[in-house]
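Bear in mind that the values here come from a model prediction, so they are computed numbers and not experimental data. Throughout, a chain's letter reflects where its sequence line sits, starting with A, and its residues are numbered from 1.
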Amino acid sequence: MDTQQAHSRDTEYQINDRVIDFGDRKLTIREMLTKALLTPASEYQTVLVRDHRTKLLTADDKFDLKKEAGGFLRAFRSDRAFSFTVDEVGQVWGEETMDVDEFLTIWAAPKGHDWVLEKSDEPDIVLRAGGTIAFGPKGVEDIVSRPYPNAQKIAVTVFTTAGTFPAQGALRVPASTVIAHVLAKAAKALSLADTSAWVVTRDGVEITPSQTFEQAGLHGEIELEWGAPEGGGGNA
Amino acid sequence: MLKVLSKAEFDRDIGRLDDRTAKKFGWRVIASTFPVFDVVFEHATARPIRLRLKCEDWDDLPPSIEILNEDGTYAIEAPPHAGSVFNGSAHPSTGRIFVCMRGAREFHTHPSHLNELWANYRGQPGIDLLGLVSQLWRAWKRTVR
């Protein structure tokens with residue numbers, strides 16, 4: 001999704017990825033959705049995004065395009081909205097998932113900081129471009145900015161052909177963490193039934209999962225590939 | 001195998017590939033419409049390799065895997081130092097270099113591997129279409145690092 005497009009006239013406003021001339025400065029959300037061919041309007045969740053804030057609007061809400069200049073609308077064919085916080089400020093989204101790329105266009109991380117999902121009993125998850133945030137029952141509630149970690153912590157992402165762990169970006173763990181522990185979390189999150197024969201590599205180089213990241217010489221941002229080993233060959 | 005079932009299995013497997021994963025592996029997808037998955041393995045400095053998986057009857061049968069140049073012409077040489085997975089000799093059936101790895105149709109139909117039945121591997125964790133492609137990527141990656 002592109003960031004907000006420039007719209008020069010008072011009667012123009014952006015909905016999703018389109019800038020539309022509504023021919024009027026004051027309309028209801030229903031009128032705007034209809035003009036944008038997002039019908040029936042009652043089946044949409046409409047969110048105003050402006051000044052790093054989000055606000056859920058109803059189809060009957062009146063909307064002043066000039067007053068809301070600088071923002072844009074996101075409309076989702078959805079029957080419910082999802083609440084979360086960004087640095088303790090309440091926000092809302094119109095569907096269960098959100099691309100991290102879009103999140104970052106609305107909320108750029110403060111300089112020297114990452115956006116992080118913190119859970120009391122789990123390692124932090126750092127948002128990364130390409131990831132997906134889920135707001136469902138077991139999903140995200142609070143996203144906070146945290147300074148970049150020191151050298152004692154690494155950010156790791158595990159790629160499999162069944163999915164990526166964590167889906168939102170990277171897991172932030174101490175460098176003293178055993179690699180296999182992260183793989184076990186990935187297996188659980190991705191519902192991988194039997195990975196006993198799988199190999200883990202970094203950029204194609206095999207890694208020993210019983211080692212810690214530190215012992216394996218892995219620091220900083222780490223992307224691991226994990227999957228079944230190639231087999232056969234050699235005699236043909 | 002019924003075409004509709006094979007297509008469903010193909011779509012399920014290929015549907016798991018998202019942009020983030022493709023970017024991470026450096027995969028550029030040329031085609032992903034049943035029964036063909038055509039992908040280029042890209043590299044910052046080395047010559048890319050292109051693989052075309054022809055997946056008729058997947059997963060009753062493993063995919064036939066063609067080794068191509070980036071422009072889609074048949075490769076005539078295996079990647080250098082590629083080990084045994086990319087076999088530079090002519091396959092008896094196709095006359096072309098071939099993928100010699102369980103999960104490739106050319107492996108299971110090669111006279112040297114007729115006793116290694118696909119049924120022994122089919123459905124195992126990681127032996128789906130993208131799993132096979134990632135294994136070939138890893139084998140190729142070792143040669144171009």
Atom [atom1] of [X] with >12 non-hydrogen neighbours under 6.0 angstrom:
X	atom1	answer
A:Gln215	CD	yes
A:Glu221	CD	yes
B:Ile76	CD1	no
B:Asp19	CG	no
B:Arg47	CZ	no
A:His52	NE2	no

**Request:** Check step by step if salt bridge (charged side-chain N to carboxylate O under 4.0 Å, His left out) holds for B:Lys24 and A:Glu225.
**Result:** CA-CA 9 Å; B:Lys24 185 269 172 294; A:Glu225 307 104 30; 3.0 Å; yes
**Heavy-atom pair count under 4.5 Å with chain B, highest-scoring of A:Asp203, A:Thr195, A:Thr164, A:Val205** =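 Top option by heavy-atom pairs under 4.5 Å: A:Asp203.
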**Request:** Return the option, out of A:Gly227, A:Ala162, A:Ala193, A:Pro229, with the maximum number of heavy-atom pairs under 4.5 Å with chain B.
**Result:**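 Looking at each option in turn, the highest pair count goes to A:Pro229.
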**Message:** Just so I know, are the side chains of A:Thr161 and B:Thr21 near enough to count as touching, which here means a heavy-atom distance under 4.5 Å?
**Reply:**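 A:Thr161 does not reach B:Thr21 side chain to side chain.
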**Prompt:** Hey, does B:Pro125 have a side-chain heavy atom less than 4.5 Å from the side chain of A:Trp198?
**Reply:**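 When only atoms from C-beta onward are counted, B:Pro125 and A:Trp198 do touch, with a gap below 4.5 Å.
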Interchain contact, [X] with chain A, by part (heavy-atom threshold 4.5 Å):
X	result
B:Tyr121	neither
B:Asp13	neither
B:Trp137	side chain

**Request:** Output yes when a side-chain donor or acceptor of B:Arg20 lies under 3.5 Å from a complementary backbone atom of A:Gly169, and no otherwise.
**Result:**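 Checked: pair present.
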**Request:** Go through the atoms of A:Thr157 and report whether side chain, backbone, both or neither lie under 4.5 Å from a heavy atom of chain B.
**Result:**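 The answer is the side chain of A:Thr157.
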**Item:** chain A interface, residue from B:Gly26, B:Gly131, B:Ser134 that has the most non-hydrogen pairs under 4.5 Å
**Value:**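 It is B:Gly131.
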**Asked** Can you list the steps and then say if B:Arg138 with A:Glu206 is a side-chain contact (heavy atoms from CB on, under 4.5 Å)?
**Response** CA-CA 9 Å; B:Arg138 193 164 51 232; A:Glu206 196 159 337; over 6 Å; no
**Request:** Could you tell me the separation between the CH2 atom of B:Trp140 and the CD atom of A:Glu230, rounded to the nearest 0.5 Å?
**Result:**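 Reported value, rounded in 0.5 Å steps: 14.0 Å.
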**Request:** Could you tell me which non-hydrogen atom of A:Gly204 sits nearest to which non-hydrogen atom of B:Arg142, and how far apart they are?
**Result:**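 For A:Gly204 versus B:Arg142, the nearest heavy atoms are O-CG, 4.2 Å.
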**Item:** Pairs touching residues 179-195 of chain A that satisfy salt bridge (charged side-chain N to carboxylate O under 4.0 Å, His left out), sequence neighbours left out
**Value:**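 Salt bridge (charged side-chain N to carboxylate O under 4.0 Å, His left out) check on residues 179-195 of chain A returns A:Glu122-A:Lys185.
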**Message:** Test of understanding: with side-chain contact (heavy atoms from CB on, under 4.5 Å), list the residues that count as partners of A:Asp79, not counting sequence neighbours.
**Reply:**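 None.
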